[in-house]
Amino acid sequence: MPRTLASVRHSKHIGRMIIRTAPLALAAALLLTQPALAQKSSLRLDTNSAPVAPQLSDATPLPQDVAWPGGTIKLDIDATDTRRGVYRVQQTIPVPAGTRDLRLLLPEWLPGKHAARGAINLLSDVRFSANGQPLEWHRNTLDVYEFHVVLPQGVREVTANFVHTSPITGSEGRITMTQEMLNLQWEAMSLYPAGHYTRRIAMQPTVTVPQGWRVFTALDGQRREGDRLVWNTVDYETLVDSPIFAGKYARQWEVGENVRLDAIADAPKYLELAPENRQTFNKMVDEADALFGARHFDHYDILLAMTDRMGGIGLEHHRSGENQYEPETLIKWDEMDWDRNVVAHELVHSWNGKFRRPAGLWTPDYRTPMQDDLLWVYEGQTQFWGWVLAARSGLQTKETILGTFALAAAMYSEGVPGRAWRTVQDTTYGPIVNARRPIPFSSLTRGEDYYVEGALTWLEADQIIRDGTGGKKGLDDFAKAFFGKTDGDWGVLTYDFDEVAATLNTVYPYDWASFLDTRLRQPGQPAPMKGLEKAGYRLLWKDTPNSYEKGRTRNSLNLFYSLGVSLGKDGTVRSTLWDGPAFNAGIVNGAQIIAVDGEAFSESAIKDAITAAKDGGEPIKLLVKRGDRYDTIAIDYRGGLRYPWIEPVGKGEHGLDRLLKPRTK
């Protein structure tokens with residue numbers, strides 16, 4: 001047998017037992033060679049308690065690809081208590097004859113979140129019973145997501161009752177229920193029996209919603225009896241992949257063959273969608289069909305919440321996507337153009353991430369750990385195609401998408417010094433390492449850069465193919481070959497690094513393995529600008545933000561590429577650029593700029609001061625509050641206001657222009 005981690009642990013355990021059972025002999029042997037050390041060691045062993053670690057059974061048990069033998073599990077959720085934000089759950093779990101220890105799991109490693117983010121903390125008032133009598137239960141001490149339920153002899157059915165408490169405020173977590181809408185995610189409020197592939201566990205779901213609320217989901221066979229809804233029996237994997245959006249104010253539009261746009265809103269006025277604007281959603285679906293050349297869903301629901309009350313979301317599923325827009329995004333179409341990309345991104349995921357999935361990111365259940373190292377394909381290329389499809393369809397203007405590329409180029413040119421030590425691939429472990437929590441100096445630590453730097457890498461790949469084939473091929477051809485296989489198949493087809501490189505080579509022969517390895521798996525690389533440059537564009541700086549930047553920072557002030565800070569409207573520092581002017585002056589996250597050059601802080605005051613310093617004025621003087629301390633800090637910055645833009649080099653149509661052009665009439 002190979003020398004595994006377990007065997008090493010075992011040998012260490014044996015070694016500890018030898019030391020434990022023969023301390024005097026060992027002390028005597030050491031005394032002959034190292035008297036001082038031996039005396040010290042012997043004293044410790046003779047007079048102090050010294051426990052010996054047992055070998056723990058801490059390996060994740062692999063489930064079996066066999067059906068749960070108990071039969072169909074009934075899952076009934078009462079989602080009517082919107083005032084308190086509470087979901088009340090009852091599960092009826094049939095068990096095989098002779099079962100004495102039932103092991104039930106709450107999903108922990110969640111698809112689309114790429115990490116162990118299960119909502120075990122929101123589960124409360126957990127009770128199990130059989131034949132009307134309470135049952136004894138306890139948690140697995142090595143896996144707190146597992147409940148062990150002790151069954152008396154002869155029990156054939158177990159009832160589980162518990163409460164899922166949706167956060168009421170954002171500080172408690174993502175809000176999933178308001179008094180106008182809800183987002184029911186099955187994995188947060190259902191248990192499943194351990195030891196089986198989730199696709200082999202049958203569930204019968206039922207949900208009761210507030211009176212008159214409309215319910216949207218990709219589940220099949222919806223039947224309504226008053227405000228109680230029932231769907232066809234479904235395997236647990238598909239159930240978890242089919243969340244619910246429901247709301248008091250709701251509308252649905254057909255936006256393509258077997259594709260629906262299902263919207264819920266804080267108020268009816270936010271559900272107005274002009275016909276010409278609705279057509280961009282139809283066009284997005286058409287462009288996706290043209291791009292991939294196949295579908296991996298029988299029907300698809302774009303679930304869309306128009307809200308600033310429920311928590312924001314963008315989460316992929318095979319036959320639906322969870323999306324959130326600002327309340328006025330549909331009715332203020334031009335003004336809110338910056339906000340609409342998420343639905344294109346999540347639609348692409350049906351092909352990239354759900355159908356085609358890295359082998360390490362597919363798991364047979366929600367207990368097996370995920371391996372995130374290929375997220376630069378899963379998310380990076382989805383980010384790329386989300387931008388492209390939005391431009392091709394008109395869901396967002398070309399100007400907005402150019403602004404998006406400009407911001408990406410600027411970030412990796414000047415805003416991420418952490419690129420010197422940390423690779424893009426290493427950032428794929430971010431969901432596990434950091435779980436998207438705020439961190440100090442994220443520009444040095446790096447965030448989940450596999451999204452955006454990944455997208456810029458795929459832009460370069462597209463331009464390499466276009467240059468090498470005289471414009472006859474591009475990354476569209478890779479998308480069709482890699483994601484467009486087996487039309488109508490909505491299972492899962494896994495892949496690895498070698499298949500990605502090999503498929504690229506079928507499109508255009510090139511050393512793709514070295515290209516991807518250098519760009520994504522090596523630190524200290526040049527800024528990822530080659531794609532934009534090959535596409536005929538260059539990065540430049542202006543003293544006003546582009547349209548995308550202006551929209552996304554409407555509630556903040558981005559001075560990241562001038563003073564090296566991003567500020568809230570009240571002057572609170574939200575982010576500081578490592579080694580930037582503000583950082584070098586000692587200004588950090590959480591500090592608040594109270595005054596600028598002797599005047600009360602305002603957006604115009606600090607912008608005017610930056611401009612005046614560029615034109616030969618005095619250094620910028622800031623009154624900064626940090627805790628109870630006030631400091632006057634002078635920053636001798638002369639670069640003026642700087643916001644990223646990209647523009648074509650020369651006249652005529654360029655590679656990026658051709659990439660963003662529609663493919664359908």
Side-chain angles (χ1 to χ4, degrees), residues 170-171 308 326 335-336 338-339 403-404 406-418 438-445 447 539-646:
S171 63
D308 56 10
E326 292 298 304
E335 178 183 334
M336 300 298 291
W338 62 273
D339 189 41
T404 305
L407 193 67
M411 181 161 54
Y412 298 111
S413 294
E414 298 189 13
V416 187
I439 53 176
F441 308 121
S442 58
S443 60
L444 180 66
T445 306
L539 175 67
L540 69 154
W541 302 91
K542 298 184 181 182
D543 60 7
T544 57
N546 66 57
S547 61
Y548 173 70
E549 173 76 352
K550 184 178 180 180
R552 80 178 190 97
T553 58
R554 60 183 187 153
N555 294 317
S556 61
L557 176 59
N558 185 14
L559 302 173
F560 212 64
Y561 300 107
S562 52
L563 287 188
V565 287
S566 176
L567 304 174
K569 289 293 188 181
D570 64 349
T572 299
V573 179
R574 295 182 175 181
S575 182
T576 307
L577 174 63
W578 183 270
D579 206 25
F583 172 90
N584 291 330
I587 297 175
V588 297
N589 297 359
Q592 184 180 10
I593 299 174
I594 302 296
V596 183
D597 291 341
E599 297 184 8
F601 171 84
S602 66
E603 180 175 337
S604 60
I606 196 164
K607 284 184 173 182
D608 289 346
I610 293 171
T611 301
K614 178 185 178 183
D615 295 336
E618 295 294 319
I620 304 163
K621 293 180 181 178
L622 304 176
L623 179 62
V624 179
K625 180 178 183 290
R626 184 178 177 190
D628 294 331
R629 181 183 176 90
Y630 290 81
D631 291 301
T632 299
I633 298 175
I635 302 180
D636 194 10
Y637 168 74
R638 305 291 179 171
L641 293 168
R642 298 173 77 240
Y643 297 98
W645 293 68
I646 60 172

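Quick caveat: nothing in here was measured; it's all calculated off a predicted structure. By convention here, the first residue in the shown sequence is residue 1.
Using a 30° and 60° split on the angle between ring planes, Trp578 and Phe441 fall in the perpendicular class, above 60°.
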**Q.** Test log, rule side-chain contact (heavy atoms from CB on, under 4.5 Å), inputs Ile587 and Leu563
**A.** CA-CA 10 Å; Ile587 297 175; Leu563 287 188; over 6 Å; no

Q | Trace of the side-chain contact (heavy atoms from CB on, under 4.5 Å) decision for Val588 with Val573 | A | CA-CA 7 Å; Val588 297; Val573 179; over 6 Å; no

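Residue Asn584 holds its CG atom at 11.0 Å from OG1 of Thr576, rounded to the nearest 0.5 Å. Taking CG from Asp570 and CZ from Phe601, the interatomic distance works out to 7.5 Å, rounded to the nearest 0.5 Å. In this structure, Leu567 CG and Thr553 OG1 are separated by 11.5 Å, a value rounded to the nearest 0.5 Å. Note: Met411 CE to Leu407 CG = 6.0 Å, rounded to the nearest 0.5 Å. Between the CD1 atom in Ile635 and the NZ atom in Lys621 there is a gap of 13.0 Å [rounded to 0.5 Å]. With rounding to the nearest 0.5 angstrom, the CG atom of Leu641 is 5.0 Å from the CD1 atom of Ile610.
Dense packing is recorded around CZ of Arg554, with more than 12 heavy atoms of other residues, nucleotides or ligands lying under 6.0 Å away. In Lys550, the NZ atom is not crowded: 12 or fewer heavy atoms of neighbouring residues, nucleotides or ligands sit closer than 6.0 Å.
In this structure, Lys625 contributes its side chain and Gly627 its backbone to a donor-acceptor pair below 3.5 Å. Formation of a donor-acceptor pair under 3.5 Å by the Asn558 side chain with backbone atoms of Ser566 is not found in this model. For Asp308 (side chain) and Glu326 (main-chain N/O), no donor-acceptor pair under 3.5 Å exists by modelled atom type. For Arg638 (side chain) and Gly617 (main-chain N/O), a donor-acceptor pair under 3.5 Å exists by modelled atom type.
Here the closest non-hydrogen pair linking Pro581 and Ser562 is CG-O, 3.5 Å. The two residues Asn589 and Pro440 have their closest heavy-atom pair at ND2-CA, 4.0 Å. Shortest non-hydrogen contact noted between Val565 and Ala582 is CG1-CB, 3.3 Å. Shortest non-hydrogen contact noted between Trp645 and Asn546 is CZ2-CA, 3.4 Å. Contact record, Ser413 with Leu539: OG-CD2, 3.9 Å, taken as the closest heavy-atom pair. Considering every non-hydrogen atom in both Ala613 and Glu618, the closest pair reads CB-O, 3.8 Å.
Phe583 is not listed as a side-chain neighbour of Leu577, based on a closest heavy-atom distance of 4.5 Å or more. At a threshold of 4.5 Å between non-hydrogen side-chain atoms, the residues Thr611 and Asp543 do not count as touching. Within the 4.5 Å cutoff, no side-chain heavy atoms of Ile606 are placed close to those of Asp597. In this structure, the side chains of Leu557 and Lys607 come closer than 4.5 Å at one or more pairs of heavy atoms.
Under the ring-ring contact (aromatic ring centres under 6.0 Å, His included) test applied with Tyr561, the options Trp541, Tyr637, Tyr643 reduce to a single match, Trp541.
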